[in-house]
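Heads up, the thing below is written out as structure tokens.
For the single chain, residues carry numbers from 1 onward in sequence order.
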Amino acid sequence: YERVNTYDLVSIDGKSGRAGPSGPCRAKSVVDDGGLVLNDPAPDLFEITPDGKYFAIAFRGPLPVSVPHSAQGSCPGVGIVEITEGGKAGRLVDVLRATNTVDDVPVGVIPGEHDYTGAERSDVHGAIVVFK
């Protein structure tokens with residue numbers, strides 16, 4: 001197995017991971033529960049932009065509606081990833097942050113993750129790019 005693509009979603013430069021300065025997910029993270037790991041994007045479905053320069057990636061929230069054991073994230077919304085090096089790498093340039101504080105998902109045990117107790121209920125599952 002040879003890994004040919006790397007998409008760093010946590011550092012500002014898209015190359016240094018957690019060892020480097022934090023990227024946009026850190027600034028857009030949910031902060032109402034001290035136990036939630038910050039700068040922890042949980043990518044879901046994504047789509048490439050028509051010009052081939054970016055990915056729009058759905059980022060899961062701190063209280064996932066489905067697959068909670070592997071999908072808890074700190075910056076729910078849509079991540080915008082700039083594709084670099086001819087598609088072999090990329091970096092997160094922004095998070096279009098989603099918010100939903102309507103209490104329609106009960107707080108509960110999240111196996112293998114943090115049992116989030118805050119108010120955020122946003123949990124984005126897909127990002128679609130519309131061609132004009």
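Taking both residues in full, the closest heavy atoms of Ile57 and Pro43 are given as CG2-CB, 3.7 Å, listed atom of the first, atom of the second, then distance. Closest heavy-atom contact between Ser122 and Pro76: O-CB, 3.7 Å. The two residues Tyr54 and Val93 have their closest heavy-atom pair at CE2-CG2, 4.3 Å. Heavy-atom minimum distance, Ile110 versus Pro62: CD1-O, 3.8 Å. In terms of heavy atoms, Leu63 sits closest to Glu120 at CB-O, 4.2 Å. Nearest heavy-atom pair across Ala98 and Val124 is CB-CG2, 3.9 Å.
Legend: ring-ring contact (aromatic ring centres under 6.0 Å, His included) pairs involving residues 13-35, not counting sequence neighbours: none detected. Counting only residues at least two apart or on different chains, the side chain to side chain donor-acceptor pair (under 3.5 Å) pairs with a member in residues 17-28 are Lys28-Asp94.
Every residue was checked against the salt bridge (charged side-chain N to carboxylate O under 4.0 Å, His left out) condition with Glu47, not counting sequence neighbours, and none meets it. In terms of the side chain to side chain donor-acceptor pair (under 3.5 Å) criterion, Thr84 has no residue partners (sequence neighbours excluded). Residues passing the salt bridge (charged side-chain N to carboxylate O under 4.0 Å, His left out) test with Lys15, sequence neighbours excluded: Glu85. Evaluation of the ring pair (Phe, Tyr, Trp, His ring centres under 6.0 Å) rule for Phe46 yields Phe55 as partners, not counting sequence neighbours.
Interatomic distance, CG of Asn100 versus CG of Asp123, reported as 9.5 Å (0.5 Å rounding). Rounding to the nearest 0.5 angstrom, the gap separating the SG atom in Cys75 from the CG atom in Leu38 is 9.5 Å. To the nearest 0.5 Å, atoms CG (Leu96) and CD1 (Ile80) are separated by 4.5 Å. We find the CG-SG distance between Leu9 and Cys25 to be 8.5 Å, quoted to the nearest 0.5 Å. Distance CZ/Arg60 to NE2/His125: 4.0 Å, rounded to 0.5 Å. With rounding to the nearest 0.5 angstrom, the CZ atom of Phe59 is 10.5 Å from the CG atom of Asp44.
Tyr7 and Leu92 fall within the same hydrophobic cluster, defined by Ile, Leu, Val, Met, Phe, Trp and Tyr side-chain heavy atoms under 4.5 Å apart, directly or through other members.
For the pair Ile48/Ile83, a side-chain contact is recorded, criterion being any heavy-atom separation below 4.5 Å from C-beta on. Counting heavy atoms from C-beta on, the side chains of Leu36 and Gln72 come closer than 4.5 Å.
Between the side chain of Asp32 and the main chain of Ala119, a donor-acceptor pair closer than 3.5 Å is present. Looking at Ser11, its side chain does come within 3.5 Å of a backbone N or O of Gly14 through a donor-acceptor pair.
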